[in-house]
Protein chains: 2
Amino acid sequence: MTTIADVAKYTGLSRATVSRVINNYPHVSEQKRELVRQAMMELGYYPNSAAQSLRNQKTGIVAVLVPRLTNPFFTSIIEGLEVIAEKNNLQLLICQTKASKQKELSFLKLLKTKQVDGLIFTAIENEWSKIEPYVDCGPIILCNEYQDDATVPMIKLDQYNGSYMGTKHLIERGYKKIAFCGGGSESGLSLDRKKGFLAALSEAGIKGEDKWMFPFVYNIGDGKKVMKEILAMDDRPTAVFTSSDEVAAGIIKEAKDNNLTVPEDIAVIGFDDQAIAQIIEPEMTTIYQPSEEIGRVTMEVMIELLNNKAQSKMKMIYELPINLVIRKST
Amino acid sequence: MTTIADVAKYTGLSRATVSRVINNYPHVSEQKRELVRQAMMELGYYPNSAAQSLRNQKTGIVAVLVPRLTNPFFTSIIEGLEVIAEKNNLQLLICQTKASKQKELSFLKLLKTKQVDGLIFTAIENEWSKIEPYVDCGPIILCNEYQDDATVPMIKLDQYNGSYMGTKHLIERGYKKIAFCGGGSESGLSLDRKKGFLAALSEAGIKGEDKWMFPFVYNIGDGKKVMKEILAMDDRPTAVFTSSDEVAAGIIKEAKDNNLTVPEDIAVIGFDDQAIAQIIEPEMTTIYQPSEEIGRVTMEVMIELLNNKAQSKMKMIYELPINLVIRKST
DNA sequence: GTGAAAGCGCTAACAT
DNA sequence: ATGTTAGCGCTTTCAC
């Protein structure tokens, strides 16, 4: 392995000068600078990043916690994060939590061990008090997810309004018996979606039915299960509000497999507006979330914090709009 | 920041002893071991990973290069890689190349700068000669992808046979005018798929038509484009062999949108057997690839190489089987 | 403009 | 069983 000392010896200069060239510092004569560059090439020298991290007390790496990489919504956020990260010479360390509290906590250790400079949650399982102790180790940001008691920046989408609009749309179409599929949590994103849903209902004088509320529904398989439960009911809903396009796709597929017509027999609205929304038949009405953009904004805030250690523990809330895309499933 | 020296001072022991406890080395009395553990807790000590990497000359991180995270086939490989990595205390560094030669090369630098111990390609854009210089920096493995002149382990799926089986199935169903959608490369995986396709054709005495060969086709949008081209033809194929379920989904959707019936007017076969294959109507005949398994096998080989520096440059080929899943689109 | 040297936090010989 | 110490490769004062 060739080190900075090798380059120094090879050029007859000191390690300090070589370092200055590596880091593009001024006060090196153009001639020596070129000499060093040449030597680095010839020797195939690359700075050892562990040594740099140790010395500089920073790694240039930011961790991103996602529940599941197989969900296109999260990979799309990552796309946005990556664009900005790359421009700023930051590496993303993508960590899959599988929605496990324990895994989440274990990835937080990356901050303690200085393996990363900052950390971004795109979903969060643990209550904030468990996360709190880590905020001293480097900037933490909540992206997409949010929690009332968190003391860090949160970049969120207007979930309340999103589900309010979606639900209102169903009501305007004449549906009154509306089921709701959501996540498990009774806070943050999940809670706001539920609130928006209920607000639209009550505004129209409709009472929500507990038996039509389905929590812990996340993917295609879950959607199929929900539809099966609905099919077994005597009093079936005529429309379903879902928490993701994947869930909606599962519901639609299962409905069709049981000879129901969408939206005549049952209307379904998705959430996210991923590719699948336009592949399935009927094409899906859904709530578009600017997932790449939320990623970009988040990383911009992260970079701000990284350069500005002072304010990293400030509670800030950025909210991006969300909108309804009407297609054929409602 | 609390360091090993703080723990040493706090316990009245030496840094060496503390280090021994951290790394679970023997020759420390149970009493002092407990004392140190207690102190680490109380002080909130976590070892600095940059210092460990520098000292140990290894990072415990393996890079995985994927073209696009939004393709479920690759995230599924990652799932497999991750399972085994986790068991062996390895971190994955997931790198998205966007199928760019330049990005690929730039990620290879991670090996040079010692930011990772090894690197896995799940697809490869550059010719092998460009990669070759990096094999000295740590184990490199080709997973899913392969190249004849590569001198490293390759874990591949039997692409030739997969596309042979798929094509034969189409022929047995009575289709003779068969289009082919593939990737861009004329080597490795892409080439083998083409070979398998052509072999099945020629075995049946069918001549492949150049005008029905579509290269550089990767996602839903590409699939739609291909279908549009087909629609514009005077002499249309009656079946399409595709390189992924996403492509097939795009083709099927576009066909239906133009009032063609699948498979009566045009049959379509996918590749991968992802979730979308069972969501679309008609449900898709496709070629199942054991994507998680190939990930697991790859990481097992990686771990072997990491422990066994000697043989990391050996050319080995592992081949996993692939099989046909017949549904309704053919 | 350039060099000498200290030290980032850790581990592993080697000594006791 | 425990401690002393050198050094991993790099950057950054502080001299000159």
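Letters A, B, ... are given to chains in the order of the sequence lines, protein chains preceding strands, and every chain is numbered from 1.
No donor-acceptor pair under 3.5 Å is formed between the side chain of B:Thr17 and the backbone N or O of B:Leu13. With B:Ser291 contributing its side chain and B:Ile77 its backbone, the two residues share no donor-acceptor pair below 3.5 Å. For the pair A:Tyr10 (side chain) and A:Val36 (backbone), a donor-acceptor distance under 3.5 Å is absent.
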Could you walk me through whether B:Phe73 and B:Ile78 pass the side chain to side chain contact (heavy atoms under 4.5 Å, CB included) check? CA-CA 9 Å; B:Phe73 174 69; B:Ile78 291 174; over 6 Å; no
Evaluate the side chain to side chain contact (heavy atoms under 4.5 Å, CB included) criterion for residues A:Glu104 and A:Ile131: first the C-alpha distance (whole Å), next the side-chain angles of each, then the deciding distance (0.1 Å), finally the verdict. CA-CA 9 Å; A:Glu104 209 170 86; A:Ile131 314 290; 4.2 Å; yes
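Near DNA chain C, meaning a heavy atom under 4.0 Å away, the residues from residues 43-55 of chain A are A:Leu54, A:Arg55. Residues from residues 109-119 of chain B lying near DNA chain D, meaning a heavy-atom separation below 4.0 Å, are absent. Proximity of residues 15-23 of chain B to DNA chain C (heavy atom under 4.0 angstrom from any strand atom) is restricted to B:Arg15, B:Ala16, B:Ser19, B:Arg20, B:Asn23.
Contact between B:Asn126 and B:Gln147 at its shortest, heavy atoms only, is O-NE2, 3.5 Å. Residues B:Leu119 and B:Val62 approach most closely at N-CG1, 4.4 Å, considering heavy atoms.
Among pairs with a residue in residues 72-81 of chain A, those fulfilling salt bridge (charged side-chain N to carboxylate O under 4.0 Å, His left out) read A:Glu79-B:Lys98, at least two apart in sequence or across chains. Pairs engaging residues 107-128 of chain B under the salt bridge (charged side-chain N to carboxylate O under 4.0 Å, His left out) rule: none recorded [sequence neighbours left out]. Within the structure, salt bridge (charged side-chain N to carboxylate O under 4.0 Å, His left out) pairs that include any residue of residues 5-30 of chain A comprise A:Glu30-A:Arg33 (at least two apart or interchain). Annotation: salt bridge (charged side-chain N to carboxylate O under 4.0 Å, His left out) contacts involving residues 138-156 of chain A, sequence neighbours excluded, comprise A:Lys156-A:Asp192, A:Lys156-A:Glu319.
When the salt bridge (charged side-chain N to carboxylate O under 4.0 Å, His left out) test is applied to B:Arg296, the partners found at least two apart in sequence or on another chain are B:Glu292.
Residue A:Val301 forms a side chain to side chain contact (heavy atoms under 4.5 Å, CB included) with just one option from A:Cys143, A:Pro153, A:Pro139, and that option is A:Pro153.
B:Ser190 and B:Ser185 share no side-chain donor-acceptor pair at under 3.5 Å. Residues B:Glu34 and B:Gln38 have side chains that never bring a donor and an acceptor to within less than 3.5 angstrom of each other.
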Return all side-chain donor-acceptor pairs below 3.5 angstrom for residues 83-90 of chain B, not counting sequence neighbours, or 'none' if the list is empty.
residue	atom	partner	partner atom	Å
B:Glu86	OE1	A:Lys103	NZ	3.3
B:Glu86	OE2	A:Lys103	NZ	3.4
B:Asn88	ND2	B:Ile84	O	2.8

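Scanning DNA chain D 5' to 3' for nucleotides with an atom closer than 4.0 angstrom to a non-hydrogen atom of chain B gives a first and last hit of D:dA1 to D:dG9. In the 5' to 3' direction, nucleotides of DNA chain C lying under 4.0 Å from heavy atoms of chain B begin and end at C:dG9 to C:dA13.
Side chains of A:Ile4 and A:Ile22 form a contact here, defined as non-hydrogen atoms less than 4.5 Å apart.
The C1' atoms of five pairs define one axis at each end of the helix from C:dG1-D:dC16 to C:dT16-D:dA1, and these two axes lie 40° apart (to 10°).
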